[in-house]
Q: 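Just passing along the structure, written as structure tokens.
Just so it is clear: chains get the letters A, B, ... in the order the sequence lines come, proteins before strands, and each one is counted from 1.
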There are 2 protein chains.
Amino acid sequence: MEDEGARPSAGRGRVSPQAVVRAIREDLIRGVHRPGQRLTEETMAARYGVSRVPVREALRSLEAEGFLVSRPYAGIAVVELSDDEAEDLLEVRALLEPLGAGRAALRRTAEQVGRMKELVSLGMEAAEDGRLEELSRLNSRLHEVIAAASGSRTLSQLVTQLSDKIAWVYAAELPRRATDSWREHAEIVSAIDEGDQDRARELVARHIALAQSAYRRRRPEPEGG
Amino acid sequence: MEDEGARPSAGRGRVSPQAVVRAIREDLIRGVHRPGQRLTEETMAARYGVSRVPVREALRSLEAEGFLVSRPYAGIAVVELSDDEAEDLLEVRALLEPLGAGRAALRRTAEQVGRMKELVSLGMEAAEDGRLEELSRLNSRLHEVIAAASGSRTLSQLVTQLSDKIAWVYAAELPRRATDSWREHAEIVSAIDEGDQDRARELVARHIALAQSAYRRRRPEPEGG
DNA sequence: GAAACCTCGATTGGATACAATCGCCGCTCC
DNA sequence: GGAGCGGCGATTGTATCCAATCGAGGTTTC
């Protein structure tokens, strides 16, 4: 086994209560913990520099978010999604995000629009520099802010969870779209800013549809032998 | 304060690991814990007959599911949903459940169909007897099974969480529809059984639409003062 | 030689004990 | 009299310890 695993990914000395969940979630999205891999509590505790208790709570949260699956006394493991399930993620997002964006166009606050525009700027810069990992984070972040602007806690929560999971499952395919999509992002934010619900909904629908075809993975053709 | 609160709702002596989450979630849906109410860990521990540790894990799960909200050192409280947010729940469900039902028509197993039919029978009986609370549970259960039959863990998880939250938020309005909807349920299950994706999707869409108008609460008109 | 049983180690589940933080109350000072 | 401040109780966050359960390996028996 490699000793590297013992080094905490979130190398801060102090961790705020919710930091463990975020650290683990981020590592999940980055592919540090692979699908199917079992996560023993003690190992995770050592990795993130805390005791087992906060780890267990974090794992419960991530289980509820759908990243992990657990069976009593059998431990917690990273979920393995089939190709069908992965595609469903995109389809669900195609339904939810336009709704959220439309709501955001109606209920957004000035501060939220400000943050969106800032994220778009940062995203375009990162696209210039080709910083793909940063782009992925900014992308998720923007979609989150838009979702939050919908004013619906539930909707926002769903979209965010979905967005995270898509970033996780499609990590390999993501860079293919990462650069282009920021032009569309700018348009979407503009529509939300202007309060144009229909246009926001429409733009997001197209945005998602484009991503959907770009992300679609070459399915390993079911080889008979 | 009333001492009644100290009696555990799930009166079993032994509780399986995941039982605490379910017990609390059920109580939330039944309105035992009111929106805005703060849930102190020790009180909950006493109420459900376990220590603080499993309670905390359960609360984290329910927080991730969107029933609760927490701030570090400020405790956990039951979420208060605005009328807008409550309506959004119905709208999201109107998008998701037809998709799930369509998938279920394609991917269902014989065993799942069997359980659906059994639930429909039980539901119709309960409707005859006017056992409203039982009806609510059976309704959620059926929607869960249909969602599970979609074959997509994520989709199933989303629909289930949504269904639970709707049962929670619209507890007061639910009986209005509870009896009638079981005829529609029977049709839906039949369509899924026959593998008719389009018809399943269509029927669920109408089913949800009917519920949507039935549940729509008389919004307390914004009184100017 | 294979299958069932048993024992043991590893890991999860739970409880208790302790430290950190917050909000409330009274007090002091202006 | 009101605002700022400090102490204190209550509650959350964490760590350590113990019990319950599962899986693996070895051993025995047919």
Q: More 5' along DNA chain D: A/Ala74 or A/Val53, using each one's nearest nucleotide?
A: A/Val53
Q: Tell me which nucleotide among D/dT21, D/dA15, D/dG13 gets nearest to the side chain of A/Tyr73.
A: D/dT21
Q: Can you tell me how far P of D/dT14 sits from OH of A/Tyr48, to the nearest Å?
A: 16 Å
Q: Would you say D/dT14 has OP1 or OP2 under 4.0 Å from some side-chain N or O of A/Ser51?
A: no
Q: Between D/dT11 atom P and B/Leu59 atom CG, what is the distance in whole Å?
A: 15 Å
Q: Find the distance A/Leu68:CG to C/dT12:P and express it as a whole number of Å.
A: 13 Å
Q: Has the side chain of B/Arg56 got a donor or acceptor that lies under 3.5 Å from a partner of the other kind on the base of C/dG14?
A: no
Q: Distance check needed: D/dA10 P versus B/Glu42 CD, whole Å only.
A: 11 Å
Q: Do you see a donor-acceptor pair shorter than 3.5 Å between the side chains of A/Thr154 and A/Gln157?
A: no
Q: Could you tell me which residues satisfy salt bridge (Lys or Arg N to Asp or Glu O under 4.0 Å) with B/Glu41, sequence neighbours excluded, listed by chain and number?
A: B/Arg52, B/Arg56
Q: By nearest atom, which of the nucleotides C/dA15, D/dT12, C/dT12 is closest to the B/Glu41 side chain?
A: D/dT12
Q: Nearest to the A/Arg52 side chain among C/dA17, C/dT11, C/dG14, which nucleotide is it?
A: C/dG14
Q: Report the residues that fulfil side-chain hydrogen bond (donor to acceptor under 3.5 Å, both in side chains) with A/Arg38, sequence neighbours left out, ordered by chain and then residue number.
A: none
Q: State whether a side-chain donor-acceptor pair under 3.5 Å links A/Ser136 with A/Glu133.
A: no
Q: State, without any angle test, whether A/Thr40 and A/Thr43 hold a side-chain donor-acceptor pair at a distance under 3.5 Å.
A: yes
Q: With respect to the phosphate group of C/dG13, does any side-chain polar atom (N or O) of A/Arg60 fall under 4.0 Å of OP1 or OP2?
A: yes
Q: Looking at the side chain of A/Arg71, which of D/dA15, D/dT12, D/dG23 is the nearest nucleotide?
A: D/dG23
Q: Tell me: CZ of A/Arg38 to P of D/dG23, nearest whole Å?
A: 9 Å
Q: Once you round it to whole Å, what is the distance between P of D/dT11 and CG of B/Leu39?
A: 13 Å
Q: Would you mind reading off the distance between A/Glu57 atom CD and D/dT12 atom P, rounded to a whole angstrom?
A: 12 Å
